[in-house]
Structure formats: structure tokens, C-alpha cells
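I have placed the structure first, in the form of C-alpha cells, so that the comments after it can refer back to it.
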Amino acid sequence: MRVPGIVYATADLLPQASGDRALEQVAAVATLPGIVRASCAMPDIHWGYGFPIGGVAATDTEAGGVVSPGGVGFDISCGVRLLAADTDRDVLAPRLPRLMDVLGDTVPRGMGRGGLWRLSGRREMDELLAGGARYAVERGHGTPRDLEFCEDRGVLEDADPSDVGERAAERGARQVGSLGSGNHFLEVQAVERVYDAPVAEAFGLRPGRVCVMIHTGSRGLGHQVCTDHVRVMDRVSAHYGIDLPDRQLACAPVDSPEGRAYLRAMAAAANYGRANRQLLTEAVRRAFDTTAGAEVELVYDISHNMAKLETHEVDGVPRRLCVHRKGATRALPAGHPDLPEEPAGAGQPVLVPGTMGTASYVLVGKEGNDAFHSACHGAGRVWSRHQALRRVRGEQLRGDLEATGIAIRPATWRGLAEETPQAYKDVDAVVDATAGAGLARPVARLVPLGVVKG
DNA sequence: ATGTCC
């Protein structure tokens, strides 16, 4: 190990399940060339491909530091968008079943299944990969205001579609505006509790307000980009003298042709992810308009699977770093220069989705975060999908959740069972640990009213 | 996460 490993967690939140090798992964990441300060992990840490999910690793780009696709994850720019409707839960209540039916009928989800926007060909795909959510808005899918509250204002300018392979583009062509499967969802929620009134007000969150949380990423396109670039890096890393304890950490120097190509393709996939969430926003608007006569505005959109070139002080000296966040959310404090989309000068919103039937949180970035301005991204799995399927039946789970007043519109019974809340850590404990470690400050707690499940 | 193996 070149640096220590730091896991921000209580004992209860540490990986304990047999077969969860996430802590070994924290140690393996600490061997990467150019890594600085520490190999970090958030309280929702669990086992992932190469890097742990919940992992944060920063490498010094001017000291041979590497970039690794495994440090971003297969679902590039997987993230969360929070919307707020101009209605309260008590007002919406009589119309909620119909709203859920319309959302269930119009939100594409599950494996394959198509998307809301069928692109005309590679030329239009390249426009979308270069323009992200901004391109979607230019084509009429949303309003310019949406972009003001989207991380990077909806587009990473250093994306290059020519680094995205043909197969990735083909897989993505029919999936713009779709949820996917696994832990992805679209949830109607209500603000249940506010912890920080001034910041909550700046974010537009008042008790009782109806919100919609969208959790999805870059679908088959991001998956194929990751696959393609892992293969390249697996081939070349030895040529750069890089010795790895695990092939899944395949990487190349940030300042190498392969490293730069990955970052350009990753940015293009990230733009696809933001456009995807933008299209789903429009479906939500149509559903709220027709069933409740309510309007919907964007609170914030942020990804938790990304690598970013950022400046941080290391041993008192500002360094240009490649910060990998995999299942970890950037959490910048108020007034940070990398935050052009900051709502009302309050700091970066950190959107933390829980699981079906449990709460979700909005936190905010703060000063004094020594994990490269990062926070948790969700609850974190404790049961494998296989374990969940052995113990839970989807039909039973839906009945249980509906009995507690939460409407469920599943894609498949199997997918629902895999996502049982019991398969996850307690999101309230994860957020407590995140706040206790000084990584972010709680702003509001949201509770589910209805779930459209991927 | 993922046309759950080209």
C-alpha cells in the first residue's frame, strides 16, 4: 500500500457478510500509482468490480497518477435527479393511484425495453454524447432552467464521441429515457422532515412537498464504454510498468493516450446519463400535468459514478488530481469554484436514495471534508442478489409495501425481490455516520409514496 | 450495473 485506507463507518456498517471483500479492495486500491492521501470508503461501502462501491481514490495527474474504469464503475454517471412538484402530499393523495398508474405505463424500465427518445442514427447520438442534457433541452425535452441545477450544467465539455465505440452507440440508441433495472427507480416522495431550514428553503424543500427522485445511469452505452476501455487498459498497464494486485484495477496514467481516451469516452457516457435523466423528467412532467394539474421543477441532478479532474491540497500544496468516485457523491461546500450550478449559494446538494419503503435524504457539502469532498450515495447492499432471491418473494414484498401505503409498480417480480429493503444497510444509519464523520450535513428526509421500479 | 457469455 502506498497510502493508508480510511473507511468512514461505524462498526455496524462495516462489510461483515462472508464473501464481501470490500475492505481488501480498499487496500488494493491503495497500491495504485500516484494515489494520494488515502484510499477512502464511505459508510455505504460494499464489494464491487475492482474498486469497492462507496470508494473514493484520488491520483496525482502530474506524478504518474492513473485513471481506472473500475474506479468509476460499469454504470458511468449513474446518479440521482430530484424534482419538486408544486403540490403537497395531502393534496396529491386522492390522485396518487392514478399518477402511479400513468407513471407505471409510461416510464420505460427493465432490461432492454426501449426508451422515450429514439435517436435517428450515429450522427444524432454523437450530438447527444457531446451535448448531454443541454442537447436534450435544445431538442425540446425540458427547459433551460433545468440545466441551471444540473451538475456541470448538464454537459461535460471534454467529452469526445469518437472515443465511444460503435457497439456502445448501438446499445444506447434505443435507451435514452429509460430506467434500466437493478437498484434503479423512479419514486414519488414527500418531504417528511427538515434538519437545516435555511438550506432546505434554498433547495425548495418544505415539509409535505411532493418530490420525485430518479435513480438511473447510462444504461447499455456506459456499460459497453467501460467494457471496451477496461480491455484496452488490461492490455497496456504492464507497458507503463504498473503492477496490480487485481486485474480488475486495470488502469493507465491519466496523462497517456489510453487514459485520456477513457476520460473523453467517460465524459460522453456521462452526458448520455444526464440526457437520460432529462428525458425521464419530461415523462414525470406529463404524468403530473395530466393526473394532478401540477408542475414539476428540477431541484438538482448529480452522479455518483464518475472520475473528475479537480484541484485539492495535498500536504498543503494544491495538486491536480483525478478523483474517482464509485458509489460516492461529490459534496462541495458553499462557494466552491467548481460549483457553477449551486442553488442559492447554499452548497452542493448530495442526493442519497434509500431503498423501497425506506427514506431518502438530501444532504449538503460542507467545509472540512477530508475525503476529497465526497459523501455516501445510498444505503449499500449487504445481501447479494442471489441471497435476496432465496429469502424474499416479489409478490409478497409488493403486498407488504402496499399495506404500509407505498404504491409499487414493478418491472419484474424477480427484480423487485432482489431489491428488498432487507438486502440493504439502514440508510438512516448510513446518513448518521456520514454526518458524524463530517462528510456532509443533513438537510431533509424524504419518504416514499410510490415506486416505479426498474 | 449489464441484450446477467460473442
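Each chain gets a letter, A, B and so on, in the order the sequences are listed, and its residues count up from 1.
Here the C1' atom of nucleotide dT2(B) and the CG atom of Asn276(A) are 14 Å apart, to the nearest Å. Following rounding to the nearest Å, Glu166(A) (CD) and dC6(B) (C1') show an atom-to-atom distance of 17 Å. Here dT2(B) presents its P atom at 12 Å from CZ of Phe74(A), a figure rounded to the nearest Å. One can place CZ of Arg167(A) at 16 Å from P of dT2(B), the figure rounded to the nearest angstrom. Atom P of nucleotide dC6(B) and atom CZ of Arg231(A) are separated by 9 Å, given to the nearest angstrom. Rounded to whole angstrom, the span from the CD atom of Gln248(A) across to the C1' atom of dT2(B) amounts to 15 Å. Computed from coordinates, the Arg174(A) CZ to dT2(B) P distance equals 16 Å when rounded to whole Å. Atoms NE2 (His229(A)) and P (dT2(B)) sit 19 Å apart, rounded to a whole Å.
Residue Gly182(A) is classed as a sugar-phosphate contact, given heavy-atom separations below 4.0 Å to backbone atoms only. Looking at heavy-atom distances under 4.0 Å, Gln175(A) makes contact with sugar-phosphate atoms alone, never a base. Contacts of Gly220(A) with the nucleic acid, taken as non-hydrogen atoms under 4.0 Å apart, involve only primed sugar atoms and P, OP1 or OP2.
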Donor-acceptor pairs under 3.5 angstrom involving side-chain atoms of residues 41-48 of chain A: please list them, not counting sequence neighbours.
from	atom 1	to	atom 2	distance (Å)
Asp44(A)	OD2	His377(A)	N	2.9
Asp44(A)	OD2	His377(A)	ND1	2.5
Asp44(A)	OD2	Gly378(A)	N	3.1

Identify all side-chain donor-acceptor contacts of residues 445-454 of chain A below 3.5 Å with residues at least two apart in sequence or on another chain.
from	atom 1	to	atom 2	distance (Å)
Arg445(A)	NE	Tyr361(A)	OH	3.1
Arg445(A)	NE	Asp428(A)	OD1	3.2
Arg445(A)	NH1	Glu192(A)	OE1	3.0
Arg445(A)	NH1	Glu192(A)	OE2	3.2
Arg445(A)	NH2	Asp428(A)	OD1	3.2
Arg445(A)	NH2	Asp428(A)	OD2	3.3
Lys453(A)	NZ	Gly182(A)	O	2.9
Lys453(A)	NZ	His184(A)	O	2.9

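OP1 or OP2 of dT2(B) has at least one side-chain nitrogen or oxygen of Arg219(A) nearer than 4.0 Å. For Ser181(A), a side-chain nitrogen or oxygen approaches OP1 or OP2 of dT2(B) to under 4.0 Å.
Under a cut-off of 6.0 angstrom, the local environment of CZ in Arg123(A) is sparse, with at most 12 non-hydrogen atoms contributed by other residues, nucleotides or ligands.
Between Asp160(A) and Ser162(A), the side chains place a donor N or O and an acceptor N or O closer than 3.5 Å (distance only, hydrogens not considered).
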